[in-house]
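Notes to accompany the following structure.
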Amino acid sequence: MHSFDWTVMCAYFGLMVLIGWWSHKRVGNVKDFFTAGGRMPWWLAGISHHMSGYSAVLFVAYASVAYTTGVTVYFWGFASIGVGVGIGSWLFAARWNRLRSKLGVASPLEYLAMRYNVTTQQALAWSGSLLKIFDIAAKWFAVATLLHVFAGIDYNVGILVTGVITLFYCTVGGLWADALTELGQFVIQAVAAIVMIVVVLGKLGGVSALWTMWDELPAGHVDPTTPKYTGLFLMVYVLVKTLEYNGGMWNLAQRYMAAPDTHAARRSARLSAALYLLWPLVLMFPMFAAPLLVPGVDNPDNSYAVMTTTFLPPGLIGLVLAGIFSHTMAMVSSDANAISAVITRDMIPVMYRKARAWNPSQGLLAARVTTVAFVLLTMAVATQAQNLGGVLQLVVNWVAALMGPISIPLLLGMLPWFRRCGPRAALTSWAGGLLGYGLVYYVIDTSQTWLVATPVLVSLALYTGLGALAPERSETAEEIIDVLGDDDTSGTAEPGTEETRLPA
């Protein structure tokens, strides 16, 4: 890379640090750190929700699928999210917001102790936290892969540099820093994406390539489904992404909780859904064109990076790389904040009783220490990502497949149609889904479709089946479901609830 590119990169990292430091002034307690005090504008919450769902995996693993298979990756990788978040704007966004405003909840799992019991809460907290370690590790490794191709930087050094900078601003500024940096990152990403499209269109002969290119691509590259990524795979992915992007991925639930009221939470979800349907087409157009521009790339994971370094002049390479970094730093800082919330609010108080009496400053210190420890652990695991099957296997096979068993008790437990589902249904569905995944992954040789489908379908069947056949109804659970379904759009907590912890 040229010195101009390094200058752009350093300026980008400096901006992120400054935003984190500025956000530090807006964080006075744990609720500010985890939910922005419920003061985040709907448009910022929507952009933050959208940006928190991306990472450099798009430019490595998904770019690889686009290079070898074509547009199918858009349909199951992003259109499925747009549909899922649209569904969530109706079902889940307002309920997450009421958890904060009505029940004083600051962690996405905090209400589970009352909705089910502490055992269920801890099972989901521990398993979800462990899963996110590998998910975030995949993101770090994807960034390191791009840095290696762009600049020849050692993988571990790339993980260290990006991890330390992300760690600083998300630890200092909490959710405010996450959201504000994501807004800046969205702008940087937009400029970088437009630059890439202009360059690609120039290489393809002009603007007419937007509609003529598709006939020149290899056979099958314009098919929405393929023998590997089938129609069934797409439908399962819609289900998985509906669960994942409406709270199963805990950091995204925080965006709904941070909005000032339920109306704002719904609007933020609709904005994010629209962006997921449209914006990936802008980002991925160069990836779809890559087989025509850089044919014969040995490692398809490197196709986007090869195209960038081949066609862009000095300075613009740094801009595009900054845009790529923005994805991963947005997602990882967001995830780290959510995991810290779960560990600080849900796990530590169960293991260490004195934590229940922490004052605001002690709670905030614990949140920051937990964030540091979690991010450092994910960086350590990232150094072993190649031994764990690579980026795509971690993201699709592990995270997507295991998200269902963790998400189903968490999300469906909010809905009135599942009042009869109690702790037995929650724990059985969680354990059954994980067992189903273990069977199809380690014992039964099956397709990728069933690898992703089996855990979520088994978990869904057990949860709904036990709720119907062996119902468990409690007065507390009924009250929670009624409160979360209340049509009141006020974002202000009832007297006394904003400072009331749900009992563990």
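Along the sequence shown, residues carry numbers from 1. All of these numbers come straight from a predicted model, not from anything done at the bench. Atom set for the values below is all heavy atoms of this structure, side chains included, hydrogens, waters and symmetry mates excluded.
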Checklist entry - So Met379 and Leu160, side chain to side chain contact (heavy atoms under 4.5 Å, CB included) or not? Walk me through it. => result CA-CA 7 Å; Met379 291 164 61; Leu160 178 64; 4.0 Å; yes
[X] and [Y]: which non-hydrogen atoms are nearest, and at how many Å?
X	Y	answer
Met414	Tyr111	CG-OH, 3.4 Å
Met307	Val294	CA-CG1, 4.1 Å
Thr378	Ala137	O-CB, 3.6 Å
Leu283	Ala193	CD2-CB, 3.7 Å
Gly84	Asn246	O-ND2, 2.9 Å
Thr454	Gly436	CG2-O, 3.9 Å

Item to check | Salt-bridge present (Arg419, Asp482; N to O < 4.0 Å) | outcome: yes
Checklist entry - What residues, two or more places apart in sequence or in another chain, satisfy salt bridge (Lys or Arg N to Asp or Glu O under 4.0 Å) together with Arg420? => result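 Counting only residues at least two positions away or on another chain, Arg420 forms no salt bridge (Lys or Arg N to Asp or Glu O under 4.0 Å).
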For the pair [X] (side chain) and [Y] (backbone), establish whether a donor and an acceptor sit closer than 3.5 Å, ignoring hydrogens and angles.
X	Y	value
Asn97	Tyr256	yes
Ser268	Ala265	yes
Ser48	Ala45	no
Ser272	Ala269	no
Thr309	Ala305	yes
Arg100	Ala259	yes
Arg473	Glu478	no

Side-chain contact test, heavy atoms from C-beta onward, threshold under 4.5 Å: evaluate it for [X] versus [Y] and give yes or no.
X	Y	answer
Met287	Ser303	no
Thr308	Met196	yes
Ser429	Pro405	no
Val71	His221	no
Leu292	Met213	yes
Trp96	Arg255	no
Thr225	Phe75	no
Val85	Leu252	no

Using 0.5 Å steps for rounding, measure from the [atom1] atom of [X] to the [atom2] atom of [Y].
X	Y	atom1	atom2	value
Thr72	Asp223	OG1	CG	8.5 Å
Ile87	Thr242	CD1	OG1	4.0 Å
Tyr74	Leu281	OH	CG	4.5 Å
Asp154	Thr383	CG	OG1	10.5 Å
Leu410	Leu243	CG	CG	9.5 Å
Ser407	Leu460	OG	CG	11.5 Å

Quick check, are the ring centers of [X] and [Y] under 6.0 angstrom apart?
X	Y	result
Trp76	Tyr62	yes
Tyr229	Tyr237	no
Tyr116	Trp430	no
Phe288	Tyr67	no

Next on the checklist: Does Ile133 form a side chain to side chain contact (heavy atoms under 4.5 Å, CB included) with Phe374? I'd like the steps, not just the answer.
Outcome noted: CA-CA 8 Å; Ile133 290 173; Phe374 177 77; 3.6 Å; yes
Item to check | Derivation of the side chain to side chain donor-acceptor pair (under 3.5 Å) call for Ser89 and Arg266 | outcome: CA-CA 5 Å; Ser89 69; Arg266 289 192 183 101; over 6 Å; no
Next on the checklist: Evaluate Phe59 against Tyr304 for ring-ring contact (aromatic ring centres under 6.0 Å, His included), listing each step before the verdict.
Outcome noted: CA-CA 6 Å; Phe59 301 94; Tyr304 191 86; 5.1 Å; yes
Checklist entry - Checking side chain to side chain contact (heavy atoms under 4.5 Å, CB included) for the pair Val73/Met284: CA distance, chi angles, key distance, verdict? => result CA-CA 9 Å; Val73 67; Met284 301 192 76; 3.2 Å; yes
Next on the checklist: Looking at Trp214, I want to see if its CH2 is surrounded by more than 12 non-hydrogen atoms of other residues, nucleotides or ligands under 6.0 Å.
Outcome noted: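 Check passes, neighbour count above 12.
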Item to check | Candidate pair Tyr437 and Trp450, rule ring-ring contact (aromatic ring centres under 6.0 Å, His included), full reasoning | outcome: CA-CA 9 Å; Tyr437 174 77; Trp450 286 108; over 10 Å; no
Item to check | Steps toward side chain to side chain contact (heavy atoms under 4.5 Å, CB included) verdict (Ile481, Arg115) | outcome: CA-CA 8 Å; Ile481 292 172; Arg115 174 60 181 87; 3.8 Å; yes
Item to check | Candidates Leu232, Leu234, Leu239 - the one meeting side-chain contact (heavy atoms from CB on, under 4.5 Å) with Val236 | outcome: Leu232
Next on the checklist: Please determine whether side chain to side chain donor-acceptor pair (under 3.5 Å) holds for the pair His49 and Tyr245, giving the CA-CA distance in whole Å, both sets of side-chain angles, and the decisive distance to 0.1 Å.
Outcome noted: CA-CA 9 Å; His49 184 284; Tyr245 279 74; over 6 Å; no
